[in-house]
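Contents: one structure, followed by commentary.
Sequence lines set the chain letters: A, B, ... in the order given, protein chains first and strands last, and positions in each chain run from 1. Please read all numbers here as calculations on a predicted model, not as lab measurements.
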There are 2 protein chains.
Amino acid sequence: MFSLFFTHINQKVELSEAEQQEVKTFFAPKKLRKRQYLLQEGEPCKYLALVEKGVLRSYNVDSKGVEHIIHFAMEGWWMGDIYSFLSGEPSGYNIDAIEDAELLMITLEGFEEMMVKVPRMERYFRILFQNNIISKERRLISSISYTAEEKYLRLVESSPELLQRIPLNLVASYLGITPETLSRIRKKLAQKK
Amino acid sequence: MFSLFFTHINQKVELSEAEQQEVKTFFAPKKLRKRQYLLQEGEPCKYLALVEKGVLRSYNVDSKGVEHIIHFAMEGWWMGDIYSFLSGEPSGYNIDAIEDAELLMITLEGFEEMMVKVPRMERYFRILFQNNIISKERRLISSISYTAEEKYLRLVESSPELLQRIPLNLVASYLGITPETLSRIRKKLAQKK
DNA sequence: AAAATGAATTGATCTGGATCAAGGCTTTAT
DNA sequence: ATAAAGCCTTGATCCAGATCAATTCATTTT
């Protein structure tokens, strides 16, 4: 169960066997069926989850009822609403499974205790958060500076794995464009080649 | 010089007098005149800077020559291109002063040494990065889900300080809209009242 | 196996915000 | 003090991408 978990963590920090045993105690496994919610808007986000298997998405729903995907998470990625998780405030997001999924989850109490008991995990999360900032910044620039076609091409470039596994209407939502526009862009690019 | 600095840090973690002395040794002060660059596109970002006084902005320039503001930093805020800072790769950003500014700067070597020597600073940055993720996520949602008017209203709500100090053409760039559109939005809102 | 639901495509039309252009007002530089 | 540059506003026009609508082809569900 924890094999992918530690593979992932050891890419950023090295944990001793004892530390790994300690860390394990903070996490609980959970399975999610496709379409099942992990979090619904209005609830506080009680867990951060690492995806061991499957794909999740988080999204919000705007005043017109349109869904906007904030984030995907596949194997080795974390999922959760950090703001709600840390503050305890109700989340504005929904999180659900796009494919059947297996997760390892930690609560805020567990998270904070782990930071103190295993300082290497504090380092792990500092580094994880650094990388998260970098990728959010990229996406923001994409969203502000580029045309729909450029946004799509940047995604193809940066995350080809996603395009293999995720339906195009969800990719469109993630890019902040409509499925129709994405379809037309792909058609145009296919013809060009 | 370090008064604002420690006020800011002590809001997130508490440092002993000895730790404060230690931390000070990693930072160098720097003054910037209005319009002066801290970083130009193509250079690696050698420093993270905490703003003691004044206002900075970071921005990129798209293929049509249009500037897009990524981030503002006023007193107590950090500025830098984290990606370039950590990786050593050339930055795609420019950073300059909107007002005369005073900074405290740290290099990557200093940063990493400080993380080891003063573990409370590792905690400080983990928390800082957490908060940064939250605000970037908000901005991303704004950018993807909202109309120009809604984006402006959310900024008025969340960062009124910025609107007091920053010219409207730069605010427009930060919001990802044109100065003309912002001007029309403000006119409309003023009439409504 | 039939029916229902969901994903993707294509066409026709519409619109929010961009672009282009010009004028006034306020800093900054000489 | 005068010129130049930057900032903000207002008007006229344009366009990338949204919206609306219909069809086809999976994939579930019953």
Using atom [atom1] of [X] as one end and atom [atom2] of [N] as the other, report the distance to the nearest whole Å.
| X | N | atom1 | atom2 | answer |
| --- | --- | --- | --- | --- |
| B:Y152 | C:dG17 | OH | P | 15 Å |
| A:L168 | D:dC25 | CG | P | 18 Å |
| B:Y146 | C:dG16 | OH | P | 18 Å |
| A:I98 | C:dA7 | CD1 | P | 10 Å |
| A:E150 | D:dG17 | CD | P | 9 Å |
| B:I144 | D:dG17 | CD1 | C1' | 15 Å |
| B:K64 | D:dC15 | NZ | P | 13 Å |
| A:K188 | C:dT9 | NZ | P | 16 Å |

- prompt: Has A:K187 got a side-chain N or O lying under 4.0 Å from the OP1 or OP2 atom of C:dT10?
  reply: yes
- prompt: Has B:N169 got a side-chain N or O lying under 4.0 Å from the OP1 or OP2 atom of D:dC8?
  reply: yes
message: Within 45 degrees of the ring normal and closer than 6.0 Å to the centroid, is that where the cationic atom of A:R165 sits relative to A:F72?
response: no
query: Cation-pi between A:R139 and A:Y174: NZ/CZ under 6.0 Å from ring centre and within 45° of the ring axis?
result: yes
- prompt: Taking the side chain of B:P167 as heavy atoms from C-beta outward, which of D:dT10, D:dC7, C:dG17 is closest to it?
  reply: D:dC7
message: Salt bridge or not between B:R35 and B:D96? Use side-chain N to carboxylate O under 4.0 Å.
response: no
- request: Report yes if some heavy atom in the side chain of B:E150 is under 4.5 Å from a heavy atom in the side chain of A:S63; otherwise report no.
  value: yes
query: Reading nucleotides 25-30 of chain C from the 5' end, what letters show protein touch, with B for base, S for backbone sugar-phosphate only, - for no heavy atom under 4.0 Å?
result: ---S--
message: I need the minimum non-hydrogen distance between A:S3 and A:T7, along with the two atoms involved.
response: O-OG1, 2.7 Å
message: Looking at A:S91 and A:G42, would you say the former's side chain and the latter's main chain have a donor-acceptor pair under 3.5 Å?
response: no
Under 3.5 Å: donor-acceptor pair, side chain of A:S135, backbone of A:N132: yes
- request: Can you pull out how bent the helix from C:dA1-D:dT30 to C:dA22-D:dT9 is, comparing the axes over its first five and last five pairs, to 10°?
  value: 40°
query: Among B:K117, B:R120, B:R123, whose salt bridge (Lys or Arg N to Asp or Glu O under 4.0 Å) with B:E19 holds?
result: B:R120
- prompt: Is there a side-chain contact (heavy atoms from CB on, under 4.5 Å) between A:E99 and A:K34 once you walk through the steps?
  reply: CA-CA 5 Å; A:E99 296 176 6; A:K34 185 173 174 174; 5.7 Å; no
- prompt: What class does the angle between the rings of A:F5 and A:F2 fall in, given that below 30° is parallel, 30 to 60° is tilted and above 60° is perpendicular?
  reply: perpendicular
- line: Per the under-4.0 Å heavy-atom filter, residues of residues 173-185 of chain B near DNA chain C come out as B:G176, B:I177, B:T178, B:E180, B:T181, B:R184
- request: Using distance alone, with no hydrogens and no angle criterion, decide if A:Y93 and B:E137 have a side-chain donor and acceptor under 3.5 Å apart.
  value: yes
